[in-house]
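So the structure is just underneath, and the comments pick up after that.
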2 protein chains.
Amino acid sequence: MSRSNPRVLAILERAGGFASAQEVYRLMQREGESIGLTTVYRSLQSLVNDKIVDVLRREDGEAIYRLCGGAHHHHLVCKGCGETIEIEGGAIEKWAKTMAQEFGFREVGHTAEIFGLCPKC
Amino acid sequence: MSRSNPRVLAILERAGGFASAQEVYRLMQREGESIGLTTVYRSLQSLVNDKIVDVLRREDGEAIYRLCGGAHHHHLVCKGCGETIEIEGGAIEKWAKTMAQEFGFREVGHTAEIFGLCPKC
DNA sequence: ATGGAAATGAAAATCATTTTCATTTGTGCT
DNA sequence: AGCACAAATGAAAATGATTTTCATTTCCAT
Ligand SMILES: [Zn+2]
Ligand SMILES: [Zn+2]
Ligand SMILES: [Zn+2]
Ligand SMILES: [Zn+2]
């Protein structure tokens with residue numbers, strides 16, 4: 001699971017930072033790269049494990065993979081063109097901690113995304 | 001899409017407030033209710049349209065349906081037993097608005113969930 | 001060069017969800 | 001009651017993403 005990773009990663013970059021497994025596969029085909037769909041899935045999974053890419057879900061449930069800096073952060077996503085901006089959690093970091101504490105939850109994590117239309121769309 | 005809705009809704013209540021379509025179906029079977037899987041899907045969809053239930057995604061992408069009060073709110077979910085607590089967004093609401101504004105986004109919405117282990121788990 | 005481990009990919013298997021379509025049910029009218 | 005027509009239902013097939021299987025290929029160390 002090593003020779004393919006860089007190739008998949010390169011495509012993901014060229015795709016604008018995010019794409020589904022199927023899309024990565026189609027893109028690679030179109031560019032004449034030789035790779036199997038299975039390997040695309042495996043590479044993406046491996047990149048997720050290494051925390052090099054981030055995975056989340058489209059509305060329809062399809063997983064999309066996204067290049068991602070290492071530190072904890074959140075996203076501002078354009079519903080129109082898909083552009084993704086990494087943003088700081090700011091106030092919600094504390095909010096999440098406080099809420100969890102209030103109800104006695106342990107091993108807490110959180111997700112938070114903002115979506116809308118970017119200036120261009 | 002009317003005779004089934006109340007039955008599906010009743011099951012969802014008895015299930016603790018949330019379940020996937022497949023789970024609702026299995027539960028109804030087990031309780032001797034006569035209903036088709038297709039109808040379960042359709043009823044849930046209809047309940048979502050009427051904003052009586054809320055739909056979101058499990059980690060694995062399966063859609064789960066959840067009884068839900070009408071007002072805007074967020075959730076604190078137990079990874080162990082699935083218990084869900086509705087909570088206020090508090091600081092998040094302003095955070096989302098501010099962030100969106102800063103980048104010139106319009107028609108903004110947001111999602112935020114906290115997950116962890118509840119006191120019982 | 002040789003053997004074994006890791007990586008690959010085609011094809012089959014899974015699984016949730018949607019679509020199709022024929023049948024059943026409900027409702028209003030005569 | 002008898003009839004007509006629309007809405008609701010559900011079984012079975014289709015779809016589509018993801019995973020599993022398994023035989024083959026590629027690496028790498030000896
Ligand atoms: Zn945009
Ligand atoms: Zn955060
Ligand atoms: Zn719990
Ligand atoms: Zn909110």
Side-chain angles (χ1 to χ4, degrees), chain A residues 1-12 15-68 77 82 111, chain B residues 1-12 15-68 77 79 82 84 113:
Chain A
M1 225 180 281
S2 179
R3 198 141 7 96
S4 310
N5 284 16
R7 295 196 294 152
V8 168
L9 200 49
I11 290 290
L12 211 48
F18 72 100
S20 72
Q22 301 282 348
E23 285 164 355
V24 168
Y25 177 63
R26 277 180 231 125
L27 282 170
M28 295 184 79
Q29 299 253 297
R30 207 171 303 156
E31 305 202 2
E33 297 240 20
S34 166
I35 195 170
L37 179 57
T38 313
T39 303
V40 170
Y41 272 103
R42 278 192 288 233
S43 282
L44 286 170
Q45 190 50 59
S46 150
L47 291 168
V48 167
N49 290 339
D50 296 348
K51 300 199 198 303
I52 294 168
V53 314
D54 210 18
V55 58
L56 60 101
R57 301 262 165 199
R58 290 230 177 91
E59 291 263 322
D60 67 350
E62 187 175 2
I64 61 180
Y65 300 85
R66 184 159 51 179
L67 280 176
C68 223
V77 185
T111 62
Chain B
M1 226 180 281
S2 179
R3 198 135 11 92
S4 310
N5 284 16
R7 294 197 292 153
V8 168
L9 200 49
I11 289 290
L12 211 48
F18 73 101
S20 72
Q22 301 282 348
E23 285 163 356
V24 168
Y25 177 64
R26 278 180 231 123
L27 282 171
M28 295 185 79
Q29 299 252 296
R30 207 172 303 156
E31 304 200 3
E33 297 239 21
S34 166
I35 195 171
L37 179 57
T38 313
T39 303
V40 170
Y41 272 102
R42 278 192 287 233
S43 282
L44 286 170
Q45 189 50 59
S46 149
L47 291 167
V48 168
N49 290 339
D50 296 349
K51 300 200 199 303
I52 294 167
V53 315
D54 211 16
V55 58
L56 59 101
R57 300 263 166 197
R58 291 229 178 90
E59 292 256 328
D60 67 350
E62 188 175 2
I64 61 179
Y65 301 85
R66 185 158 54 178
L67 279 176
C68 225
V77 184
K79 288 186 285 195
T84 301
E113 300 237 335

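This is a predicted model, so every value here is computed, not measured. Quick note: numbers below take in every heavy atom, side chains included, and nothing from hydrogens, waters or symmetry partners.
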Can you name the side chain to side chain donor-acceptor pair (under 3.5 Å) partners of [X], sequence neighbours left out?
X	value
A:Ser46	A:Asn5
B:Glu113	B:Arg66, B:His75
A:Asp50	none
B:Asp60	none

* **Closest non-hydrogen atom pair, A:Leu47 against A:Val8** =>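 That would be CD1-CG1, 4.2 Å.
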* To do: Taking the side chain as every heavy atom from C-beta outward, state whether B:Ile11 and B:Val40 have any atom pair closer than 4.5 Å.
  =>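 When only atoms from C-beta onward are counted, B:Val40 and B:Ile11 do not touch, as no gap falls below 4.5 Å.
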* **Pair listing, salt bridge (charged side-chain N to carboxylate O under 4.0 Å, His left out) test, anchored in residues 35-45 of chain A, at least two apart** =>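 Matches after skipping sequence neighbours: none remain.
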* To do: For B:Tyr25 and C:dA16, give me the distance from atom OH to atom P, rounded to whole Å.
  =>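 In whole Å, C:dA16 P and B:Tyr25 OH are 13 Å from each other.
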* Asked: A:Ser43 or B:Tyr41: which one's nearest nucleotide on DNA chain C is closer to the 5' end?
  ->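 This one resolves to A:Ser43.
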* **Along DNA chain C (nearest heavy atom to each residue), the more 5'-positioned of B:Arg3 and B:Ile64** =>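 Final value for this comparison: B:Ile64.
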* **Residues which pass salt bridge (Lys or Arg N to Asp or Glu O under 4.0 Å) with B:Arg57, listed by chain and number, not counting sequence neighbours** =>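 B:Arg57 satisfies salt bridge (Lys or Arg N to Asp or Glu O under 4.0 Å) with no residue once adjacent residues are dropped.
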* Asked: Between which nucleotides of DNA chain D, 5' to 3', does chain B make heavy-atom contacts below 4.0 Å?
  ->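 Going 5' to 3' along DNA chain D, contacts run D:dA8 to D:dA12.
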* To do: Give, ordered by number, those residues of residues 28-38 of chain A having at least one heavy-atom distance below 4.0 Å to an atom of DNA chain D; if nothing qualifies, reply none.
  =>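 Here the set is A:Leu37, A:Thr38.
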If you restrict it to nitrogen or oxygen atoms, what contacts under 3.5 Å exist between nucleotides 12-15 of chain C and the protein, and what is each distance?
none

* Asked: Excluding sequence neighbours, so at least two apart, what forms side chain to side chain contact (heavy atoms under 4.5 Å, CB included) with B:Val55?
  ->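 B:Val55: side chain to side chain contact (heavy atoms under 4.5 Å, CB included) contacts with B:Val48, B:Ala63, B:Tyr65.
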Tell me which donor-acceptor pairs under 3.5 Å the side chains of residues 15-31 of chain A have, and how far apart each pair is, sequence neighbours excluded?
unit_1  : atom_1 : unit_2  : atom_2 : d
A:Ser20 : OG     : A:Glu23 : N      : 3.1
A:Ser20 : OG     : A:Glu62 : OE2    : 2.9
A:Gln22 : NE2    : A:Tyr41 : OH     : 3.2
A:Glu23 : OE1    : A:Ser20 : N      : 2.9
A:Glu23 : OE1    : A:Arg58 : NH2    : 3.2
A:Glu23 : OE2    : A:Arg58 : NH2    : 3.1
A:Tyr25 : OH     : A:Gln29 : NE2    : 3.2
A:Glu31 : OE1    : A:Arg14 : NH1    : 2.4
A:Glu31 : OE2    : A:Arg14 : NH1    : 3.3

* Could you tell me the separation between the CD1 atom of B:Ile64 and the CG atom of B:Asp54, rounded to the nearest 0.5 Å? =>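 With rounding to 0.5 Å, CD1 (B:Ile64) is 9.5 Å from CG (B:Asp54).
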* Straight-line distance of A:Thr111 OG1 to A:Leu56 CG, nearest 0.5 Å ->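 Between atom OG1 of A:Thr111 and atom CG of A:Leu56 there are 9.5 Å.
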* With distance as the sole test, does B:Thr39 use its side chain to make a donor-acceptor pair with the main-chain N or O of B:Ile35 at under 3.5 Å? ->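 No, the answer is negative, given that no donor and acceptor are paired below the 3.5 Å cut-off.
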* To do: Under 4.0 Å between any heavy atoms, over every strand shown, what does B:Ser20 touch: base, sugar-phosphate, or nothing? Just pick one.
  =>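 Contact class for B:Ser20: none.
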* To do: Could you check whether A:Arg42 gets within reach of a base, just the sugar-phosphate, or nothing at all, counting any heavy atom under 4.0 Å?
  =>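 The residue A:Arg42 makes base contact.
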* Asked: Starting at the 5' end of DNA chain D and moving along, which residue's nearest nucleotide shows up first, B:Asn5 or A:Arg26?
  ->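 Going by which nucleotide is closer to the 5' end, it is B:Asn5.
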* Taking only heavy atoms on the protein side, list every residue of residues 55-63 of chain A lying under 4.0 Å from any atom of DNA chain C, sorted numerically. =>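 Output list: empty, so none.
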